[in-house]
Amino acid sequence: MGKAGAGKGRSPTPTPNRDGGAAATATATSTAGGAAAAPTATGAAAGVGRSTLHANKTILKTVSVFLASGKRNSSNQQSKAAAAALQNKRQQRQRRMDELSGKVNPKLLDSLRKKTRFTKDELDALCRIYRKLVSNCQYAAKTLASSSSSAAIAKPHAAVEGIDRIVFRELLHSTFDIVTEEILMERIFCSWDKAHEGLPLRLEGWLIGLSTFLRGTPTERAAFCFRVYDLNTDGFITKDEMFTLLRNCLIKQPQDEDPDEGVKDLVEIVLKKFDLDKDGKVSMDDFMGTVTAEPLLIEAFGQCLPTDSAVVSFFSTLQV
């Protein structure tokens with residue numbers, strides 16, 4: 001009992017606070033861990049920054065390579081286009097020189113033989129004629145240019161290569177016996193080469209048009225006549241165009257008070273003959289159908305084809 005009392009009388013020995021120690025330990029550990037974690041996060045951020053910078057450099061390098069490649073391709077394409085344009089220009093210049101000298105390169109000659117109904121010897125002879133006609137055109141241009149009164153008008157046409165209107169019309173009149181009105185002469189010239197209406201005739205256009213003119217099929221010759229008669233090239237021969245074409249076909253009598261009335265009557269008669277679909281104008285189909293049924297009507301609106309005797313005479317002069 002005494003010992004027990006003595007034990008109770010003494011102050012108890014303090015025991016460590018296990019929870020407090022654990023908390024302190026945890027706090028210390030956490031503090032130490034926090035100190036260690038801070039540098040780890042900073043390093044991670046730095047690593048991410050380095051990776052991003054590296055990725056950006058890679059992207060920039062790729063873009064630079066792509067742009068450089070595009071510039072090289074563009075430069076190569078421009079160089080190829082310039083070379084092709086230069087080559088084309090040289091070929092055109094050589095072709096013009098060949099045309100003026102009457103020469104035809106083998107490839108063009110083969111192409112012309114397929115597009116026309118002429119033999120090789122005939123093409124050679126026609127090329128010589130073309131050269132002479134062009135020389136006549138150039139001589140006429142120089143003559144006009146030397147005249148003070150017409151120099152300003154003739155100068156722009158002095159360097160034009162090909163067969164011009166004046167020489168062409170003289171050829172139609174003297175060689176092919178085409179005796180017709182001025183308006184038809186102009187339309188024949190403009191309709192000769194379908195690809196270049198109204199321009200001076202170049203070698204290929206001259207030969208292709210001449211093939212139709214001299215040896216064309218009935219369909220080809222009828223189509224040529226239709227183009228000639230279609231004055232405004234709208235695909236139809238109208239009453240007004242018929243009136244213009246036919247007014248000089250009638251002999252005007254002095255006693256006629258109004259000679260145009262006779263032309264109007266003739267237009268109505270011709271229109272009834274050609275206007276197969278009854279729409280008041282003549283289309284290509286109308287013209288073809290009428291001419292097929294009655295071939296003699298192919299030049300109903302005026303002469304625009306050579307006579308048979310003129311064709312025979314022309315080929316006899318080729319000496320082939």
Side-chain angles (χ1 to χ4, degrees), residues 88-146 154 157-180 185-217 220-221 224 227-228 303-320:
N88 185 45
K89 188 175 181 180
R90 288 176 178 173
Q91 291 176 351
Q92 291 179 351
R93 187 185 303 114
Q94 183 62 43
R95 177 173 292 187
R96 287 196 295 267
M97 293 175 64
D98 290 342
E99 289 180 2
L100 294 176
S101 63
K103 297 179 181 179
V104 182
N105 64 65
K107 290 184 179 180
L108 179 59
L109 183 62
D110 184 62
S111 174
L112 290 173
R113 289 181 63 184
K114 294 178 181 178
K115 294 179 181 179
T116 66
R117 291 183 172 83
F118 298 127
T119 65
K120 179 180 179 300
D121 292 336
E122 288 173 340
L123 284 173
D124 289 337
L126 292 172
C127 287
R128 291 194 298 270
I129 293 176
Y130 173 84
R131 180 182 57 190
K132 293 179 181 178
L133 294 174
V134 171
S135 298
N136 291 343
C137 294
Q138 293 175 338
Y139 177 78
K142 291 179 180 179
T143 302
L144 289 174
S146 63
H157 303 281
V160 175
E161 298 173 357
I163 303 174
D164 62 17
R165 286 171 167 82
I166 298 175
V167 173
F168 181 81
R169 292 175 186 179
E170 178 61 28
L171 176 71
L172 291 182
H173 178 70
S174 61
T175 304
F176 299 117
D177 296 338
I178 301 291
V179 182
T180 189
M185 283 288 195
E186 174 66 15
R187 286 301 305 151
I188 293 173
F189 177 77
C190 293
S191 303
W192 190 271
D193 181 10
K194 291 186 295 184
H196 303 90
E197 289 191 3
L199 297 178
L201 295 175
R202 302 294 294 275
L203 178 60
E204 185 171 350
W206 152 255
L207 293 174
I208 294 176
L210 197 62
S211 176
T212 300
F213 194 65
L214 301 177
R215 288 181 174 167
T217 64
E220 291 172 342
R221 288 159 69 90
F224 172 74
R227 291 199 306 273
V228 172
Q303 183 187 7
C304 54
L305 293 173
T307 62
D308 293 339
S309 59
V311 174
V312 173
S313 177
F314 176 76
F315 278 109
S316 65
T317 60
L318 294 183
Q319 299 179 355
V320 293

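Along the sequence shown, residues are numbered consecutively beginning with 1. Worth saying up front: this structure is predicted, and the values here are computed from it rather than measured.
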Fit a plane to each ring of W206 and W192, take the angle between them on a 0 to 90° scale, and name the class: parallel (under 30°), tilted (30 to 60°) or perpendicular (over 60°).
parallel
Any idea which heavy atoms bring C137 and G162 closest together, and the distance?
SG-O, 3.5 Å
Any non-hydrogen side-chain atom of F189 less than 4.5 Å from a side-chain atom of I163?
no
For A310, is there any backbone N or O sitting under 3.5 Å from a side-chain donor or acceptor partner on S313?
no
With rounding to the nearest 0.5 Å, note down the distance linking CZ in R128 to CG in L123.
11.0 Å
Side chain of Q303, backbone of D177: donor and acceptor closer than 3.5 Å?
yes
Looking at D164 and V167, would you say the former's side chain and the latter's main chain have a donor-acceptor pair under 3.5 Å?
yes
Check this for me: does any side-chain nitrogen of one of K114 and D110 sit under 4.0 Å from a carboxylate oxygen of the other?
yes
Between L318 and F118, does a side-chain contact (heavy atoms from CB on, under 4.5 Å) hold up when you go through it step by step?
CA-CA 12 Å; L318 294 183; F118 298 127; over 6 Å; no
Rounded to the nearest 0.5 angstrom, the OG1-CZ distance for T180 and R187 is 12.5 Å
I want to check something: taking the side chain as every heavy atom from C-beta on, are C127 and L207 in contact at a cut-off of under 4.5 Å?
yes
Please check: side-chain N/O of S111 versus main-chain N/O of K107, any donor-acceptor pairing under 3.5 Å?
no
Approximate separation, where rounding is to 0.5 Å, of I178 CD1 and F168 CZ
9.0 Å
Under 3.5 Å donor-acceptor, R221 side chain and F213 backbone:
yes
Rounded to the nearest 0.5 angstrom, the CZ-CD distance for R117 and E122 is 12.5 Å
Heavy-atom check, side chain of E204 versus side chain of L108, under 4.5 Å:
yes
E186 side, atom CD; R169 side, atom CZ - distance, nearest 0.5 Å:
5.0 Å
Y130 side chain reached by L210 side chain, heavy atoms, under 4.5 Å:
no
Roughly how far, to the nearest 0.5 Å, is the CD1 atom of I166 from the CG atom of L171?
14.0 Å
Under 4.5 Å between any side-chain heavy atoms of F224 and L305, yes or no?
yes
